[in-house]
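Each ligand, and each atom within it, is numbered from 1 in the order the structure gives. Just the heavy atoms: all of them, side chains too, but no hydrogens, waters or symmetry mates, feed the values below.
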Amino acid sequence: MSLSCVRVGFGSIARIHEDVLGRLGVETVAVVEADPGRHDRIREVGLTPVADYGEAAARRPGFWDVCTPTESHAEVLSAISAADRDADVIVEKPICDHGDLPVLRPVLEGHRGRIVVNENYCSSVVTEAVVGHVARLALRPTKVIVEMTKHRGPDYLAGRFIDPVLGAFGYEGSHLIAAVASLGESYRDGAVYDLDVDDIALDDAEGSVLDDSAWDAEETQGRVVLCGQGGAFVGYETQSGCRVELYTSMSGIVGYPCPPYAPPSARIEPTDPVTRYRVFRVDGTDPSGTAHQVVGFYEPLPGRARGEGAVALFREWEMTDLLAPLGDDTMIQHLHRTLRHFSGQGPNPCPPHWAVRTLEQLHRWAVDGRAEPGIDSGDVLGRQDSAAERLRESSRFTLGAAAGERQIR
Ligand SMILES: NC(=O)c1ccc[n+]([C@@H]2O[C@H](COP(=O)([O-])OP(=O)(O)OC[C@H]3O[C@@H](n4cnc5c(N)ncnc54)[C@H](O)[C@@H]3O)[C@@H](O)[C@H]2O)c1
């Protein structure tokens, strides 16, 4: 594929895009970067910083690649559209801040080019494999779980991104919805039966920029409490009666441990910046009434290389098959599908209306979840009975004597 792009923003994710798109045969013809202090760095890596969008458009790029902070996405998309209404654009996720939707909507309406959102979990091989096994087994889903857990404490204390509006739903929220929506749009929303957003308390915060800052809800020196940033949980019932639970803990509390990859303890320690626990589980019954659990494990997995996921198949909670490793570099897969879309060879892997709906949905849950009455436990996400059911179910999984790993490579 021979294509060229203009990149907007040259921070952390932009460097990953430069590498991945380069491997996919894309040449970067210019970089629009607001911070002139970064222009030398852009030149050092052989790229050309330009002053404005007009100069960038004059280089006639095949598409634009927006890698600026989320709070600038609406304004940047507006500037690109003003420079070229027919431009094809990929914009990093989330599509914009919720408060900028009134600015974004008219831009989307007036734009004639193709826009793809880089919600890379829309292009996951693990997700596709889970959906494929659910179809192969002809399962009627009764319960669906998506969990994305890590410990963000050290990141927070280092002053990295806090989402004051979406709280903990802001980090992995759109990934959670991307996974569950792969079963069909009817699975992405429903009647809410439990909803919770928790705070996070961080000790050893001496010297952190957050200690005693406006974010810190705790007056004790050396201890930081961040409201709504510790974890988020929603349980809802779809129209077909399937229960869906979306769970994300930023405090490292694993909600739905499942063998063989659940960490031995149900917690990821604050000192562990590497471990992630990300699963997509579908429980259902086959036409004969037998219960199955199909569990996808996203990378990174303990003992596996980056980009390697797995799928475990359970019958009546006993593992029958472990399909691993499943190569799953969601970033390269999603960008590849995006290029195919721009070339007219495939559907849009994540259209703007999907991303806008996701943002609205997360915002609704974030607002309702933080309005919960009573004292926030800051620990157990959801009601006591939800948490108890979660643990009871998780303890039913067994590895099964016959379960062997089927190598995929
Ligand atoms: N898909 C993923 O898994 C994933 C992962 C990480 C980050 N992201 C998203 O990527 C985006 C960027 O995050 P990052 O961590 O790379 O940010 P960053 O702060 O490291 O880099 C942003 C860059 O954009 C520049 N910039 C800011 N406003 C600009 C403007 N109006 N015009 C031109 N340049 C501008 C900044 O100077 C900076 O160089 C965010 O939306 C984030 O949510 C996505």
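A salt bridge links Lys143 with Glu389: the distance from a Lys NZ or Arg NE/NH1/NH2 to an Asp or Glu carboxylate oxygen falls below 4.0 Å. Classification of Glu185 and Arg357 as a salt-bridged pair holds, one side-chain N sitting under 4.0 Å from a carboxylate O. Between Arg276 and Glu172 there is no salt bridge, since none of the side-chain N atoms of the basic residue sits less than 4.0 Å from a carboxylate O of the acidic one. Look at Asp19 and Arg23 and you find a salt bridge, because one of the NZ, NE, NH1 or NH2 atoms lies within 4.0 Å of a carboxylate O, short of that distance.
Ligand-side atoms of ligand 1 in range of Val32: 33 (C), 34 (N), range being under 4.0 angstrom from any heavy atom. Taking every non-hydrogen atom of Pro94 and a distance limit under 4.0 Å, the qualifying atoms of ligand 1 come out as 43 (O). Atoms of ligand 1 lying under 4.0 Å from any heavy atom of His73, numbered from 1 in the order shown and given with element: 41 (O). Against a heavy-atom cut-off of under 4.0 Å, Thr70 is close to the following atoms of ligand 1: 40 (C), 41 (O), 43 (O). Per-residue contacts place Arg38 under 4.0 angstrom from the following atoms of ligand 1 (heavy atoms of the residue considered): 38 (C), 39 (O). Ligand-side atoms of ligand 1 in range of Asp35: 37 (O), range being under 4.0 angstrom from any heavy atom. Of all atoms in ligand 1, listed by their number and element, those nearer than 4.0 Å to a heavy atom of Glu75 are 31 (N). Within ligand 1, the atoms closer than 4.0 Å to a non-hydrogen atom of Val8 are 33 (C), numbered from 1 in the order shown.
Nearest to atom 8 (N) of ligand 1 among the protein's heavy atoms is Glu92 OE1, 3.7 Å. What sits closest to atom 43 (O) of ligand 1 on the protein, heavy atoms only, is Lys93 O, 2.9 Å. For atom 36 (C) of ligand 1, the closest heavy atom belonging to the protein is Glu33 OE2, 3.4 Å. The single protein non-hydrogen atom nearest to atom 21 (O) of ligand 1 is Gly11 CA, 3.2 Å, given as residue, atom name and distance. The single protein non-hydrogen atom nearest to atom 34 (N) of ligand 1 is Ala34 N, 3.1 Å, given as residue, atom name and distance. Regarding atom 5 (C) of ligand 1, its nearest protein heavy-atom neighbour is Ile13 CD1, 3.4 Å.
Gln293 and Asp283 share no side-chain donor-acceptor pair at under 3.5 Å. Remark: the Ser240 side chain and the Arg140 side chain contain no N/O donor-acceptor pair separated by less than 3.5 Å. In this structure, a donor-acceptor pair under 3.5 Å is present between the side chains of His133 and Arg136.
Put simply, the side chain of Glu147 reaches to within 4.5 Å of the side chain of Val254, judged on heavy atoms.
Shown here is Asp204, whose CG atom has no more than 12 heavy atoms of other residues, nucleotides or ligands within 6.0 Å.
The shortest N or O to N or O distance between His175 and ligand 1 is not under 3.5 Å. Backbone and side-chain nitrogen or oxygen atoms of Pro69 are examined, and none is located within less than 3.5 angstrom of a nitrogen or oxygen of ligand 1.
Each of Val282, Val244, Thr285, Thr238 was checked for a side-chain contact (heavy atoms from CB on, under 4.5 Å) with Pro141, and the lone residue meeting it is Val282.
Proximity of atom 17 (O) of ligand 1 to the protein is not indicated, since no non-hydrogen protein atom lies closer than 4.0 angstrom.
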